[in-house]
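Encoded as C-alpha coordinates, the structure appears first; notes follow it.
Owing to the predicted nature of the structure, the values given are computational and were not obtained by experimental measurement.
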Amino acid sequence: MTQGYIPSYYADSANPKPDYPALEGEVQTDICIVGAGFTGLSAALHLAEQGYQVTVLEAECIGWGASGRNGGQVCQGHNMSHEDLQKKVGSAGADMLWQMSLESVDLVKDLVAKHEIDCDLKQGVLHVAAKPSHNAHIKETVEYKNRVLNYDALKYVEPEEVSDMLGCERFGAGEYWTEGAHLHPLNYALGLATAAEKAGVQFFENSRVSHYEGCQSTAGKGVEVFGEQGVVKAKYLLLACNGYLGKLEPLIAGKIMPINNFILATEPLSEATCHRINRDDVAVADSRFVINYFKLSGDNRLLWGGGENYSSKFPKDIGSFVRPYMLDYYPELKDVKIDYGWGGTLAITMNRMPHFERIDDVIFVAQGYSGHGVALATLGGKLMAEAISGSAERFDLFSNVPTPTFPGGTLLRWPGLVAGMLFYSLRDKFS
(Lines give C-alpha, C1' and ligand atoms only; values in the text may rest on other atoms or scores of the structure.)
Protein backbone atom coordinates (compact mmCIF):
# COMPACT_ATOMS: atom_id res chain seq x y z
CA MET A 1 0.00 0.00 0.00
CA THR A 2 1.20 3.50 -0.80
CA GLN A 3 2.50 4.98 2.47
CA GLY A 4 0.50 7.69 4.23
CA TYR A 5 -2.96 6.72 2.96
CA ILE A 6 -5.86 5.01 4.69
CA PRO A 7 -6.23 1.35 3.65
CA SER A 8 -8.34 1.06 0.49
CA TYR A 9 -8.38 -0.61 -2.88
CA TYR A 10 -7.25 2.68 -4.41
CA ALA A 11 -4.25 2.97 -2.09
CA ASP A 12 -3.23 -0.64 -2.73
CA SER A 13 -3.45 -0.17 -6.50
CA ALA A 14 -1.94 3.33 -6.60
CA ASN A 15 0.82 4.22 -9.03
CA PRO A 16 4.23 4.99 -7.50
CA LYS A 17 4.60 8.52 -6.12
CA PRO A 18 7.47 10.49 -4.62
CA ASP A 19 7.40 11.58 -1.00
CA TYR A 20 7.27 15.35 -0.82
CA PRO A 21 8.90 17.15 2.13
CA ALA A 22 7.09 18.99 4.89
CA LEU A 23 7.17 22.78 4.89
CA GLU A 24 10.05 24.26 6.85
CA GLY A 25 11.28 27.82 7.04
CA GLU A 26 10.08 30.57 4.71
CA VAL A 27 8.96 30.12 1.10
CA GLN A 28 8.23 32.94 -1.33
CA THR A 29 5.82 32.20 -4.16
CA ASP A 30 3.26 33.79 -6.46
CA ILE A 31 0.38 31.54 -5.43
CA CYS A 32 -0.14 29.36 -2.36
CA ILE A 33 -2.72 26.59 -2.64
CA VAL A 34 -4.01 24.82 0.46
CA GLY A 35 -5.19 21.32 -0.39
CA ALA A 36 -3.83 18.79 -2.89
CA GLY A 37 -7.09 17.30 -4.09
CA PHE A 38 -8.57 17.73 -7.56
CA THR A 39 -9.25 21.47 -7.11
CA GLY A 40 -5.80 22.35 -5.83
CA LEU A 41 -3.97 20.06 -8.26
CA SER A 42 -5.86 21.39 -11.28
CA ALA A 43 -5.35 25.00 -10.21
CA ALA A 44 -1.65 24.36 -9.62
CA LEU A 45 -1.16 22.73 -13.01
CA HIS A 46 -3.03 25.40 -14.97
CA LEU A 47 -1.29 28.26 -13.16
CA ALA A 48 2.18 26.74 -13.55
CA GLU A 49 1.55 26.28 -17.26
CA GLN A 50 0.88 30.02 -17.44
CA GLY A 51 4.23 30.78 -15.83
CA TYR A 52 3.21 31.39 -12.22
CA GLN A 53 5.30 30.16 -9.31
CA VAL A 54 2.99 27.86 -7.34
CA THR A 55 3.34 26.23 -3.91
CA VAL A 56 0.86 23.59 -2.69
CA LEU A 57 0.46 22.75 1.01
CA GLU A 58 -1.22 19.45 1.87
CA ALA A 59 -1.99 18.41 5.44
CA GLU A 60 -1.58 14.71 4.59
CA CYS A 61 -0.57 13.29 1.17
CA ILE A 62 -1.51 14.09 -2.42
CA GLY A 63 -5.13 13.01 -2.97
CA TRP A 64 -5.45 11.80 0.63
CA GLY A 65 -8.99 13.12 1.11
CA ALA A 66 -12.15 12.65 -0.97
CA SER A 67 -10.18 13.01 -4.21
CA GLY A 68 -8.44 9.71 -3.56
CA ARG A 69 -11.37 7.77 -2.10
CA ASN A 70 -14.49 8.50 -4.18
CA GLY A 71 -16.57 6.52 -6.66
CA GLY A 72 -14.61 7.84 -9.63
CA GLN A 73 -17.64 8.95 -11.66
CA VAL A 74 -17.06 11.74 -14.18
CA CYS A 75 -20.39 13.02 -15.42
CA GLN A 76 -21.90 16.05 -17.08
CA GLY A 77 -24.63 18.21 -15.56
CA HIS A 78 -25.31 19.82 -12.21
CA ASN A 79 -27.31 18.78 -9.17
CA MET A 80 -29.52 21.84 -9.71
CA SER A 81 -31.73 21.67 -12.80
CA HIS A 82 -31.23 24.00 -15.75
CA GLU A 83 -34.65 25.51 -15.10
CA ASP A 84 -33.77 26.34 -11.50
CA LEU A 85 -30.40 27.75 -12.55
CA GLN A 86 -32.21 30.05 -14.97
CA LYS A 87 -34.07 31.52 -11.99
CA LYS A 88 -30.77 32.11 -10.17
CA VAL A 89 -28.51 33.47 -12.93
CA GLY A 90 -30.72 33.99 -15.99
CA SER A 91 -31.00 32.01 -19.21
CA ALA A 92 -27.59 32.97 -20.56
CA GLY A 93 -25.91 32.17 -17.24
CA ALA A 94 -27.67 28.80 -16.94
CA ASP A 95 -26.65 27.93 -20.51
CA MET A 96 -23.03 28.81 -19.74
CA LEU A 97 -23.09 26.69 -16.57
CA TRP A 98 -24.46 23.77 -18.58
CA GLN A 99 -21.72 24.16 -21.19
CA MET A 100 -19.09 24.31 -18.44
CA SER A 101 -20.41 21.03 -17.03
CA LEU A 102 -19.78 19.47 -20.45
CA GLU A 103 -16.34 21.07 -20.52
CA SER A 104 -15.51 19.66 -17.08
CA VAL A 105 -15.77 16.08 -18.34
CA ASP A 106 -13.84 16.87 -21.51
CA LEU A 107 -11.18 18.55 -19.36
CA VAL A 108 -10.65 15.40 -17.28
CA LYS A 109 -10.34 13.27 -20.41
CA ASP A 110 -7.99 15.78 -22.06
CA LEU A 111 -5.73 15.94 -18.99
CA VAL A 112 -5.59 12.15 -18.79
CA ALA A 113 -4.63 11.95 -22.48
CA LYS A 114 -2.21 14.88 -22.50
CA HIS A 115 -0.28 13.76 -19.44
CA GLU A 116 -0.64 10.03 -20.10
CA ILE A 117 -2.23 9.38 -16.71
CA ASP A 118 -2.75 5.67 -16.05
CA CYS A 119 -6.07 5.70 -14.17
CA ASP A 120 -8.35 3.03 -15.71
CA LEU A 121 -10.38 5.64 -17.61
CA LYS A 122 -13.55 4.08 -19.06
CA GLN A 123 -16.59 5.45 -20.88
CA GLY A 124 -20.23 5.66 -19.82
CA VAL A 125 -22.35 6.68 -16.80
CA LEU A 126 -25.85 5.33 -16.19
CA HIS A 127 -28.25 7.00 -13.75
CA VAL A 128 -31.13 4.65 -12.90
CA ALA A 129 -34.48 4.96 -11.20
CA ALA A 130 -34.46 3.31 -7.80
CA LYS A 131 -38.19 2.67 -8.09
CA PRO A 132 -40.89 2.84 -10.82
CA SER A 133 -42.25 6.14 -9.52
CA HIS A 134 -38.98 7.81 -10.60
CA ASN A 135 -39.20 6.65 -14.23
CA ALA A 136 -41.26 9.57 -15.50
CA HIS A 137 -38.88 12.14 -14.04
CA ILE A 138 -35.89 10.47 -15.66
CA LYS A 139 -37.65 10.43 -19.04
CA GLU A 140 -38.59 14.12 -18.73
CA THR A 141 -35.01 15.01 -17.76
CA VAL A 142 -33.58 13.26 -20.81
CA GLU A 143 -36.13 14.81 -23.15
CA TYR A 144 -35.42 18.29 -21.77
CA LYS A 145 -31.69 18.00 -22.33
CA ASN A 146 -32.21 16.51 -25.78
CA ARG A 147 -34.75 19.09 -26.90
CA VAL A 148 -33.98 22.31 -25.01
CA LEU A 149 -30.21 21.97 -24.55
CA ASN A 150 -29.66 20.17 -27.88
CA TYR A 151 -27.59 17.54 -26.12
CA ASP A 152 -27.82 14.20 -27.88
CA ALA A 153 -25.19 12.26 -25.91
CA LEU A 154 -27.82 11.45 -23.28
CA LYS A 155 -30.14 8.52 -23.97
CA TYR A 156 -33.32 7.35 -22.26
CA VAL A 157 -33.15 3.65 -21.43
CA GLU A 158 -36.32 1.65 -20.86
CA PRO A 159 -36.51 -0.43 -17.66
CA GLU A 160 -36.25 -3.68 -19.61
CA GLU A 161 -32.97 -2.57 -21.20
CA VAL A 162 -31.63 -1.41 -17.81
CA SER A 163 -32.38 -4.90 -16.49
CA ASP A 164 -30.35 -6.38 -19.35
CA MET A 165 -27.49 -3.93 -18.81
CA LEU A 166 -27.28 -4.52 -15.04
CA GLY A 167 -28.60 -8.04 -14.61
CA CYS A 168 -31.11 -6.82 -12.04
CA GLU A 169 -34.85 -6.18 -12.25
CA ARG A 170 -34.87 -3.93 -9.18
CA PHE A 171 -33.92 -0.81 -11.15
CA GLY A 172 -36.28 1.25 -13.26
CA ALA A 173 -35.57 3.42 -16.28
CA GLY A 174 -32.20 5.01 -16.91
CA GLU A 175 -30.47 8.05 -18.37
CA TYR A 176 -27.32 6.97 -20.14
CA TRP A 177 -24.57 9.58 -20.40
CA THR A 178 -22.65 8.11 -23.30
CA GLU A 179 -19.88 10.73 -23.01
CA GLY A 180 -19.62 10.35 -19.23
CA ALA A 181 -16.68 8.44 -17.80
CA HIS A 182 -15.23 6.77 -14.72
CA LEU A 183 -11.72 6.22 -13.43
CA HIS A 184 -9.37 5.35 -10.57
CA PRO A 185 -9.52 8.67 -8.67
CA LEU A 186 -6.32 8.39 -6.64
CA ASN A 187 -4.26 7.55 -9.71
CA TYR A 188 -5.87 10.47 -11.52
CA ALA A 189 -4.89 12.78 -8.64
CA LEU A 190 -1.34 11.42 -8.58
CA GLY A 191 -1.10 11.93 -12.32
CA LEU A 192 -2.17 15.56 -11.99
CA ALA A 193 0.47 16.04 -9.30
CA THR A 194 3.17 14.56 -11.52
CA ALA A 195 2.16 16.85 -14.38
CA ALA A 196 2.08 19.87 -12.06
CA GLU A 197 5.52 19.07 -10.63
CA LYS A 198 6.94 18.81 -14.16
CA ALA A 199 5.45 22.26 -14.82
CA GLY A 200 7.33 23.65 -11.81
CA VAL A 201 4.87 23.35 -8.91
CA GLN A 202 6.40 22.90 -5.46
CA PHE A 203 4.59 20.45 -3.17
CA PHE A 204 4.77 20.11 0.60
CA GLU A 205 3.03 17.14 2.22
CA ASN A 206 2.28 16.65 5.93
CA SER A 207 2.09 20.43 6.15
CA ARG A 208 -1.15 21.36 7.85
CA VAL A 209 -2.00 25.05 7.70
CA SER A 210 -2.91 26.57 11.07
CA HIS A 211 -3.90 30.04 9.89
CA TYR A 212 -3.11 32.79 7.45
CA GLU A 213 -2.80 36.55 7.59
CA GLY A 214 -2.99 39.32 5.06
CA CYS A 215 0.19 41.26 4.47
CA GLN A 216 1.48 44.23 2.54
CA SER A 217 4.79 44.39 0.68
CA THR A 218 6.47 46.50 -1.96
CA ALA A 219 4.79 44.24 -4.52
CA GLY A 220 1.34 45.04 -3.10
CA LYS A 221 -1.23 43.12 -1.11
CA GLY A 222 -0.46 39.50 -0.28
CA VAL A 223 -0.91 36.77 2.29
CA GLU A 224 1.21 34.78 4.74
CA VAL A 225 0.22 31.15 5.24
CA PHE A 226 1.48 29.47 8.41
CA GLY A 227 2.24 25.81 9.03
CA GLU A 228 3.73 24.20 12.11
CA GLN A 229 7.32 24.73 11.03
CA GLY A 230 7.19 27.24 8.22
CA VAL A 231 5.43 30.05 6.39
CA VAL A 232 4.58 30.68 2.76
CA LYS A 233 4.44 34.28 1.57
CA ALA A 234 2.33 34.63 -1.56
CA LYS A 235 0.50 37.15 -3.72
CA TYR A 236 -2.60 34.93 -3.87
CA LEU A 237 -4.13 32.20 -1.71
CA LEU A 238 -6.41 29.46 -3.02
CA LEU A 239 -8.40 27.46 -0.48
CA ALA A 240 -9.05 23.99 -1.88
CA CYS A 241 -9.79 22.09 1.33
CA ASN A 242 -13.42 21.07 0.71
CA GLY A 243 -14.67 18.72 3.48
CA TYR A 244 -11.42 19.15 5.41
CA LEU A 245 -11.61 22.94 5.72
CA GLY A 246 -12.23 22.74 9.47
CA LYS A 247 -11.82 26.12 11.19
CA LEU A 248 -9.27 27.53 8.75
CA GLU A 249 -11.69 30.10 7.32
CA PRO A 250 -14.88 30.71 9.37
CA LEU A 251 -16.33 33.02 6.69
CA ILE A 252 -16.95 30.07 4.38
CA ALA A 253 -17.17 27.11 6.77
CA GLY A 254 -20.94 27.47 7.18
CA LYS A 255 -21.48 27.17 3.42
CA ILE A 256 -20.60 23.46 3.46
CA MET A 257 -21.49 20.38 5.45
CA PRO A 258 -18.86 17.62 5.69
CA ILE A 259 -20.48 14.17 5.37
CA ASN A 260 -18.98 10.69 5.27
CA ASN A 261 -19.58 8.20 2.48
CA PHE A 262 -18.46 4.59 2.27
CA ILE A 263 -17.29 2.14 -0.40
CA LEU A 264 -16.41 -1.53 -0.54
CA ALA A 265 -14.38 -3.48 -3.07
CA THR A 266 -15.02 -7.14 -3.68
CA GLU A 267 -12.48 -9.73 -4.66
CA PRO A 268 -11.92 -9.86 -8.46
CA LEU A 269 -14.99 -11.28 -10.21
CA SER A 270 -15.14 -13.61 -13.18
CA GLU A 271 -15.61 -12.15 -16.65
CA ALA A 272 -19.03 -13.81 -16.83
CA THR A 273 -20.18 -12.24 -13.55
CA CYS A 274 -18.89 -8.80 -14.58
CA HIS A 275 -20.73 -9.04 -17.90
CA ARG A 276 -23.94 -10.12 -16.20
CA ILE A 277 -24.07 -7.36 -13.57
CA ASN A 278 -22.57 -4.58 -15.70
CA ARG A 279 -22.78 -5.56 -19.36
CA ASP A 280 -21.34 -2.33 -20.75
CA ASP A 281 -18.81 -1.62 -17.98
CA VAL A 282 -20.40 1.71 -17.05
CA ALA A 283 -20.53 3.61 -13.77
CA VAL A 284 -23.97 3.44 -12.15
CA ALA A 285 -25.80 5.64 -9.64
CA ASP A 286 -29.42 5.35 -8.56
CA SER A 287 -32.02 8.02 -7.84
CA ARG A 288 -32.23 7.68 -4.06
CA PHE A 289 -31.41 10.71 -1.96
CA VAL A 290 -28.77 8.61 -0.18
CA ILE A 291 -27.57 6.99 -3.37
CA ASN A 292 -26.14 3.63 -4.26
CA TYR A 293 -23.37 3.84 -6.84
CA PHE A 294 -21.11 1.21 -8.32
CA LYS A 295 -18.64 0.35 -11.06
CA LEU A 296 -16.09 -2.28 -12.03
CA SER A 297 -12.45 -1.63 -11.33
CA GLY A 298 -9.67 -2.18 -13.83
CA ASP A 299 -9.11 -5.65 -12.36
CA ASN A 300 -12.81 -6.64 -12.29
CA ARG A 301 -13.67 -5.90 -8.69
CA LEU A 302 -17.11 -4.52 -7.93
CA LEU A 303 -16.72 -1.14 -6.18
CA TRP A 304 -19.98 -0.33 -4.41
CA GLY A 305 -20.77 2.89 -2.57
CA GLY A 306 -23.67 3.03 -0.17
CA GLY A 307 -24.62 4.52 3.16
CA GLU A 308 -23.58 7.72 4.86
CA ASN A 309 -23.10 9.07 8.34
CA TYR A 310 -22.70 12.56 9.70
CA SER A 311 -20.48 12.07 12.74
CA SER A 312 -16.74 12.36 13.13
CA LYS A 313 -16.39 8.57 13.28
CA PHE A 314 -16.55 5.87 10.61
CA PRO A 315 -18.17 2.45 11.17
CA LYS A 316 -15.71 -0.06 12.66
CA ASP A 317 -16.21 -2.52 9.77
CA ILE A 318 -17.01 -0.46 6.68
CA GLY A 319 -17.20 -3.49 4.38
CA SER A 320 -19.92 -5.02 6.55
CA PHE A 321 -21.66 -1.64 6.77
CA VAL A 322 -21.89 -1.27 2.97
CA ARG A 323 -22.41 -4.94 2.04
CA PRO A 324 -26.20 -5.03 2.71
CA TYR A 325 -26.71 -2.21 0.19
CA MET A 326 -24.99 -4.31 -2.47
CA LEU A 327 -26.81 -7.53 -1.55
CA ASP A 328 -30.16 -5.74 -1.66
CA TYR A 329 -29.70 -5.59 -5.44
CA TYR A 330 -27.36 -8.52 -6.04
CA PRO A 331 -28.12 -11.22 -3.44
CA GLU A 332 -26.28 -13.72 -5.62
CA LEU A 333 -23.02 -12.04 -4.51
CA LYS A 334 -23.54 -13.15 -0.89
CA ASP A 335 -20.54 -15.50 -1.04
CA VAL A 336 -18.22 -13.04 -2.73
CA LYS A 337 -15.36 -11.95 -0.50
CA ILE A 338 -15.12 -8.27 0.49
CA ASP A 339 -11.46 -7.32 0.22
CA TYR A 340 -11.69 -3.65 1.14
CA GLY A 341 -13.98 -1.19 2.88
CA TRP A 342 -13.16 2.48 3.33
CA GLY A 343 -14.74 5.86 3.83
CA GLY A 344 -14.11 9.47 3.01
CA THR A 345 -15.39 12.92 3.83
CA LEU A 346 -16.90 15.11 1.16
CA ALA A 347 -18.63 18.46 1.40
CA ILE A 348 -22.18 19.25 0.34
CA THR A 349 -23.92 22.60 0.09
CA MET A 350 -27.52 23.46 0.86
CA ASN A 351 -28.42 23.73 -2.83
CA ARG A 352 -25.95 21.00 -3.95
CA MET A 353 -24.18 23.44 -6.27
CA PRO A 354 -20.45 24.13 -5.81
CA HIS A 355 -19.54 27.13 -3.70
CA PHE A 356 -17.09 29.49 -5.42
CA GLU A 357 -16.17 32.77 -3.75
CA ARG A 358 -13.57 35.50 -3.57
CA ILE A 359 -13.03 36.31 0.07
CA ASP A 360 -11.10 39.38 -1.01
CA ASP A 361 -8.94 40.41 -3.95
CA VAL A 362 -6.25 37.81 -3.27
CA ILE A 363 -8.11 34.87 -1.65
CA PHE A 364 -10.25 32.46 -3.68
CA VAL A 365 -12.23 29.40 -2.60
CA ALA A 366 -13.88 26.51 -4.45
CA GLN A 367 -15.62 23.77 -2.45
CA GLY A 368 -18.85 21.86 -1.85
CA TYR A 369 -19.07 19.79 -5.03
CA SER A 370 -21.78 17.61 -3.48
CA GLY A 371 -20.88 14.40 -5.28
CA HIS A 372 -19.78 15.91 -8.63
CA GLY A 373 -16.21 16.44 -7.51
CA VAL A 374 -14.09 14.62 -10.08
CA ALA A 375 -15.23 16.73 -13.02
CA LEU A 376 -16.33 19.97 -11.37
CA ALA A 377 -13.36 20.20 -8.99
CA THR A 378 -11.00 19.76 -11.93
CA LEU A 379 -12.86 22.57 -13.68
CA GLY A 380 -12.93 24.60 -10.46
CA GLY A 381 -9.15 24.62 -10.33
CA LYS A 382 -8.98 25.77 -13.94
CA LEU A 383 -11.47 28.58 -13.25
CA MET A 384 -9.42 29.72 -10.25
CA ALA A 385 -6.39 29.91 -12.55
CA GLU A 386 -8.39 31.91 -15.08
CA ALA A 387 -9.57 34.34 -12.41
CA ILE A 388 -6.04 34.99 -11.16
CA SER A 389 -4.68 35.44 -14.67
CA GLY A 390 -7.30 38.10 -15.44
CA SER A 391 -10.30 36.30 -16.94
CA ALA A 392 -12.73 35.93 -14.04
CA GLU A 393 -16.07 35.82 -15.87
CA ARG A 394 -16.54 32.07 -15.58
CA PHE A 395 -15.41 31.83 -11.95
CA ASP A 396 -17.71 34.74 -11.11
CA LEU A 397 -20.67 33.06 -12.80
CA PHE A 398 -20.37 30.11 -10.41
CA SER A 399 -19.94 32.51 -7.50
CA ASN A 400 -23.14 34.31 -8.56
CA VAL A 401 -25.20 31.19 -7.86
CA PRO A 402 -26.34 31.92 -4.29
CA THR A 403 -24.93 29.46 -1.74
CA PRO A 404 -27.07 29.56 1.42
CA THR A 405 -25.36 29.18 4.77
CA PHE A 406 -26.49 26.15 6.74
CA PRO A 407 -28.96 27.26 9.42
CA GLY A 408 -27.06 27.89 12.62
CA GLY A 409 -23.74 27.93 10.77
CA THR A 410 -21.12 25.41 11.84
CA LEU A 411 -22.60 24.99 15.32
CA LEU A 412 -26.14 23.90 14.43
CA ARG A 413 -25.81 22.64 10.85
CA TRP A 414 -25.15 19.05 11.96
CA PRO A 415 -28.40 18.30 13.89
CA GLY A 416 -30.41 20.06 11.19
CA LEU A 417 -28.79 18.01 8.47
CA VAL A 418 -29.25 14.73 10.34
CA ALA A 419 -32.96 15.44 10.77
CA GLY A 420 -33.26 16.26 7.09
CA MET A 421 -31.31 13.22 5.96
CA LEU A 422 -33.43 10.94 8.14
CA PHE A 423 -36.52 12.35 6.46
CA TYR A 424 -35.14 11.73 2.98
CA SER A 425 -33.92 8.26 3.97
CA LEU A 426 -37.47 7.38 5.02
CA ARG A 427 -38.76 8.81 1.75
CA ASP A 428 -36.29 6.58 -0.12
CA LYS A 429 -37.77 3.55 1.60
CA PHE A 430 -41.47 4.32 1.38
CA SER A 431 -42.23 6.74 -1.47
Side-chain angles (χ1 to χ4, degrees), residues 71 73-87 94 98 101-102 105 123-182 261 275-296 302 304-308 324-333 348 351-353 370-372 375 420-431:
Q73 300 200 13
V74 189
C75 197
Q76 298 84 352
H78 296 289
N79 287 327
M80 187 179 290
S81 72
H82 183 261
E83 301 99 314
D84 288 338
L85 284 171
Q86 286 178 320
K87 299 172 186 175
W98 163 252
S101 84
L102 304 185
V105 176
Q123 198 84 343
V125 175
L126 180 67
H127 292 163
V128 294
K131 53 191 71 177
S133 60
H134 297 178
N135 289 350
H137 175 71
I138 284 183
K139 188 170 187 178
E140 291 167 3
T141 297
V142 173
E143 289 176 347
Y144 181 91
K145 291 179 172 67
N146 292 163
R147 176 175 45 86
V148 177
L149 299 177
N150 298 312
Y151 186 65
D152 61 4
L154 180 64
K155 311 294 184 185
Y156 176 73
V157 186
E158 295 285 356
E160 295 77 12
E161 178 64 13
V162 170
S163 295
D164 288 341
M165 292 177 72
L166 301 181
C168 177
E169 297 182 354
R170 288 282 309 280
F171 299 113
E175 54 176 12
Y176 183 24
W177 298 82
T178 61
E179 294 298 318
H182 51 107
N261 197 255
H275 184 77
R276 180 172 54 79
I277 67 175
N278 195 338
R279 186 191 69 194
D280 301 309
D281 202 5
V282 297
V284 183
D286 71 15
S287 61
R288 294 178 182 274
F289 188 80
V290 181
I291 69 170
N292 291 288
Y293 55 93
F294 59 95
K295 66 189 286 289
L296 295 171
L302 179 61
W304 187 287
E308 297 177 344
Y325 294 92
M326 177 185 75
L327 295 183
D328 192 34
Y329 290 90
Y330 294 102
E332 66 270 31
L333 299 180
I348 63 172
N351 61 11
R352 302 303 190 266
M353 284 293 289
S370 305
H372 276 246
M421 295 300 278
L422 288 174
F423 167 78
Y424 284 110
S425 296
L426 289 172
R427 194 174 72 170
D428 279 343
K429 293 178 181 178
F430 300 114
S431 63

**Q.** side chain to side chain contact (heavy atoms under 4.5 Å, CB included) evaluation trace for Val105 with Glu179
**A.** CA-CA 8 Å; Val105 176; Glu179 294 298 318; 5.8 Å; no
Q) Between Ser101 and Gly77, what is the shortest heavy-atom contact and its length? A) OG-N, 3.0 Å
Q | Residue that, paired with Trp177, satisfies side chain to side chain contact (heavy atoms under 4.5 Å, CB included) out of Gln76, Gln123, Lys155 | A | Gln76
Q: Under the side chain to side chain contact (heavy atoms under 4.5 Å, CB included) rule, what do Leu85 and Met353 come out as? Steps first, then yes or no, please.
A: CA-CA 10 Å; Leu85 284 171; Met353 284 293 289; 3.8 Å; yes
Q: Please examine the side chains of Val125 and Val74, heavy atoms only from C-beta on, and report whether any two atoms are closer than 4.5 Å.
A: no
**Q.** Arg276 bridged to Glu332 by N-O distance under 4.0 Å
**A.** yes
Q.
Would you compute the distance between atom NZ of Lys87 and atom CE of Met80 and round it to the nearest 0.5 angstrom?
A. 10.0 Å
Q: Report yes if some heavy atom in the side chain of Thr141 is under 4.5 Å from a heavy atom in the side chain of Glu175; otherwise report no.
A: yes
(Q) So Val142 and Lys139, do their side chains get closer than 4.5 Å, heavy atoms only? (A) no
(Q) In the structure I gave you, are the side-chain heavy atoms of Trp304 and Tyr329 within less than 4.5 Å of one another anywhere? (A) yes
**Q.** Contact check, side chains of Asp281 and His182, non-hydrogen atoms, under 4.5 Å
**A.** yes
**Q.** Taking every non-hydrogen atom, the tightest pair across Gly124 and Tyr176
**A.** CA-CE1, 4.0 Å
Q: Kindly give the heavy-atom pair with the smallest separation between Ile291 and Ala285, and that separation in Å.
A: CD1-CB, 4.3 Å
Q: Please round to the nearest 0.5 Å and tell me the distance separating atom CZ of Arg279 and atom CG of Asp164.
A: 6.0 Å
**Q.** Inter-residue atom distance Glu140.CD - Lys145.NZ, 0.5 Å rounding
**A.** 11.5 Å
Q.
Could you measure the distance from the CZ atom of Arg288 to the OH atom of Tyr293? Nearest 0.5 Å is fine.
A. 15.0 Å
Q: Identify the two heavy atoms, one from Asn79 and one from Arg352, that lie closest to each other, and give their separation to 0.1 Å.
A: ND2-O, 3.1 Å
Q. Got a second to check how far Asp328's CG is from Arg170's CZ, nearest 0.5 Å?
A. 4.0 Å
Q: Taking the side chain as every heavy atom from C-beta outward, state whether Tyr151 and Leu102 have any pair of such atoms under 4.5 Å apart.
A: yes
**Q.** Straight-line distance of Phe294 CZ to Asn278 CG, nearest 0.5 Å
**A.** 6.0 Å
Q.
Using side-chain heavy atoms (C-beta onward) and a distance below 4.5 Å, is His127 in contact with Cys75?
A. yes
Q: Would you name the heavy atoms of Lys295 and Gly71 that are closest together and state the gap between them?
A: CD-O, 3.0 Å
Q | Passing candidate, side chain to side chain contact (heavy atoms under 4.5 Å, CB included) with Val128, options Leu166, Asn292, Asn135, Ile138 | A | Leu166
